[in-house]
Number of protein chains: 2
Amino acid sequence: MTRTHEDVSRLPEGKPADEGQAYTRETGAVAVAQALELLGGRWKLEILFQLFGGRVRRFSDLERAIPAVSQKMLAQQLRQLERDGLVHRVVHPQVPPRVDYALTEWGQALCPVLDALLRWQAGRKVER
Amino acid sequence: MTRTHEDVSRLPEGKPADEGQAYTRETGAVAVAQALELLGGRWKLEILFQLFGGRVRRFSDLERAIPAVSQKMLAQQLRQLERDGLVHRVVHPQVPPRVDYALTEWGQALCPVLDALLRWQAGRKVER
DNA sequence: CTGAATCCCGGCGGATACTG
DNA sequence: CAGTATCCGCCGGGATTCAG
């Protein structure tokens with residue numbers, strides 16, 4: 001069925017046993033695709049990177065840090081990140097209003113993954 | 001060569017100190033975004049998963065394995081994967097024609113990265 | 001069998017203006 | 001300050017047809 005070389009289907013550890021089901025090639029692709037969808041937005045990665053390291057940023061901080069993004073998109077992407085559980089949103093009932101954004105634990109856990117992606121991409125040159 | 005950070009959150013905020021230095025927060029986001037673009041196509045992951053483990057597949061194999069994809073998209077995504085250096089394309093000058101697709105070494109190296117992404121996504125359950 | 005070419009459509013994302 | 005509301009262009013991607 002599966003010829004496991006360094007196959008993704010072989011998950012070394014850490015997957016829930018209650019399902020009793022490892023990822024097949026198809027569900028694996030689907031699962032990764034779902035994960036990628038969470039990151040698919042045009043600005044999500046830039047936002048995430050701004051938030052990495054437990055940094056808490058305000059809306060205007062993000063606007064300043066990512067000048068090319070419009071308010072609409074920034075708000076939209078933040079909402080989606082919040083809905084998807086990567087970002088935590090804290091509203092301070094003040095005048096003027098103030099909203100803080102921070103990564104959830106799960107969002108923080110994405111950090112080493114993106115780092116791995118970074119290292120993978122860096123190895124592009126050596127192609128035969 | 002690349003300094004292997006365990007944590008992207010430790011990246012410096014300013015510019016890199018020297019040339020061979022690793023990523024800043026900004027260039028890191030850009031680099032990851034570039035990497036994600038390579039995988040961004042609607043069907044690329046499914047194709048990649050079909051190819052993982054050094055499996056060589058023909059065009060018609062992939063069509064059968066991914067029934068939902070149209071010929072156009074399959075061809076398009078394969079071309080892009082080839083152009084981006086993830087997939088190797090071998091044309092056999094025969095009648096009827098036959099084309100084999102396989103991962104490049106670099107493409108294979110993506111496998112553990114997607115695996116990490118898979119494990120990250122699996123840990124979504126508990127959020128506080 | 002393996003594509004390229006063409007037509008078509010929904011939605012992402014940009015620009016701008018308005019609000020509490 | 002931190003967002004909504006609205007309009008709109010572009011392009012990713014589906015269906016179908018043609019070609020080597």
Side-chain angles (χ1 to χ4, degrees), chain A residues 29-30 32-51 55-84 86-103, chain B residues 29-30 32-51 55-84 86-103:
Chain A
V30 169
V32 175
Q34 287 172 345
L36 281 242
E37 269 175 46
L38 305 187
L39 313 175
R42 172 73 182 79
W43 304 101
K44 290 185 183 172
L45 286 173
E46 337 245 357
I47 296 172
L48 256 22
F49 265 77
Q50 291 297 325
L51 261 29
R55 294 145 55 103
V56 176
R57 317 290 306 253
R58 302 177 52 183
F59 190 88
S60 51
D61 291 334
L62 295 172
E63 264 191 298
R64 233 173 299 109
I66 316 173
V69 72
S70 66
Q71 283 189 330
K72 165 190 166 181
M73 289 315 297
L74 182 54
Q76 179 187 104
Q77 308 273 298
L78 281 169
R79 296 297 189 164
Q80 291 180 12
L81 288 172
E82 185 196 6
R83 180 203 58 186
D84 295 336
L86 285 96
V87 161
H88 195 216
R89 182 167 175 263
V90 182
V91 182
H92 302 268
Q94 304 177 355
V95 176
R98 170 190 178 138
V99 183
D100 285 341
Y101 292 93
L103 287 179
Chain B
V30 170
V32 175
Q34 288 173 344
L36 274 271
E37 268 176 45
L38 304 188
L39 313 175
R42 173 72 183 78
W43 304 100
K44 291 186 183 172
L45 286 174
E46 337 246 356
I47 295 171
L48 257 22
F49 266 77
Q50 292 296 326
L51 261 29
R55 293 145 55 105
V56 176
R57 317 290 307 253
R58 302 179 51 186
F59 190 87
S60 50
D61 291 334
L62 294 173
E63 263 191 298
R64 234 172 297 111
I66 315 171
V69 71
S70 66
Q71 285 188 331
K72 165 189 167 181
M73 288 317 298
L74 182 54
Q76 181 186 103
Q77 307 274 297
L78 281 169
R79 294 297 191 165
Q80 291 180 11
L81 288 173
E82 184 197 7
R83 179 203 58 188
D84 296 335
L86 284 98
V87 162
H88 194 218
R89 183 167 175 263
V90 181
V91 181
H92 302 270
Q94 304 176 354
V95 176
R98 168 192 178 139
V99 183
D100 286 340
Y101 292 94
L103 288 178

Between [options], spot the one nearest the side chain of [X], thanks.
X       : options                  : result
K72(B)  : dA2(D), dG14(C), dT6(C)  : dT6(C)
F59(B)  : dA2(D), dC1(C), dT2(C)   : dT2(C)
Q76(A)  : dG3(C), dG13(D), dG13(C) : dG13(C)
Y101(B) : dG3(C), dA2(D), dG14(D)  : dG3(C)
P97(A)  : dG3(D), dG20(C), dG14(D) : dG20(C)

In whole angstrom, what separates [X]'s [atom1] from [N]'s [atom2]?
X       : N       : atom1 : atom2 : answer
R42(B)  : dA15(D) : CZ    : P     : 12 Å
I47(A)  : dG3(D)  : CD1   : C1'   : 14 Å
M73(A)  : dG13(C) : CE    : P     : 5 Å
L62(A)  : dC1(D)  : CG    : P     : 14 Å
R58(B)  : dT2(C)  : CZ    : C1'   : 10 Å
R79(A)  : dA5(D)  : CZ    : P     : 11 Å
D100(A) : dA2(D)  : CG    : C1'   : 12 Å
R57(B)  : dC1(C)  : CZ    : P     : 16 Å

Inset, instruction - Supply the atom-to-atom distance I66(B) CD1 to M73(B) CE, rounded to the nearest 0.5 angstrom. - result: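 One finds 11.5 Å between CD1 of I66(B) and CE of M73(B).
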Check whether any side-chain N or O of [X] sits under 4.0 Å from OP1 or OP2 of [N], and answer yes or no.
X      : N       : result
S60(B) : dT2(C)  : yes
W43(B) : dG14(D) : yes
R89(B) : dT2(C)  : no

Inset, instruction - Describe the nucleic acid contact of Q77(A) in one word from base, sugar-phosphate, nothing, applying a heavy-atom distance below 4.0 Å. - result: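 It contacts sugar-phosphate atoms only.
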Inset, instruction - Nearest-nucleotide wise, let me know which of Q71(B) and Q80(A) is further upstream toward the 5' end of DNA chain C. - result: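 This one resolves to Q71(B).
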Give the table of side-chain donor-acceptor pairs shorter than 3.5 Å for residues 40-50 of chain A, with sequence neighbours excluded, one pair per line with atom names and distance.
from, atom 1, to, atom 2, distance (Å)
K44(A), NZ, L38(A), O, 3.3
K44(A), NZ, Q80(A), OE1, 2.8
Q50(A), OE1, R57(A), NH1, 2.9

Inset, instruction - Indicate yes or no: at least one non-hydrogen side-chain atom of V90(B) is less than 4.5 angstrom from one of V56(B). - result: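 No, every pair of side-chain atoms sits at 4.5 Å or beyond.
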Inset, instruction - State, with a plain yes or no, whether a side-chain heavy atom of L78(A) is found less than 4.5 Å away from one of L62(A). - result: yes
Inset, instruction - Might you point out which heavy atoms bring L36(A) and L39(B) nearest each other, and give the distance in Å? - result: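 The answer is CD1-CB, 4.0 Å.
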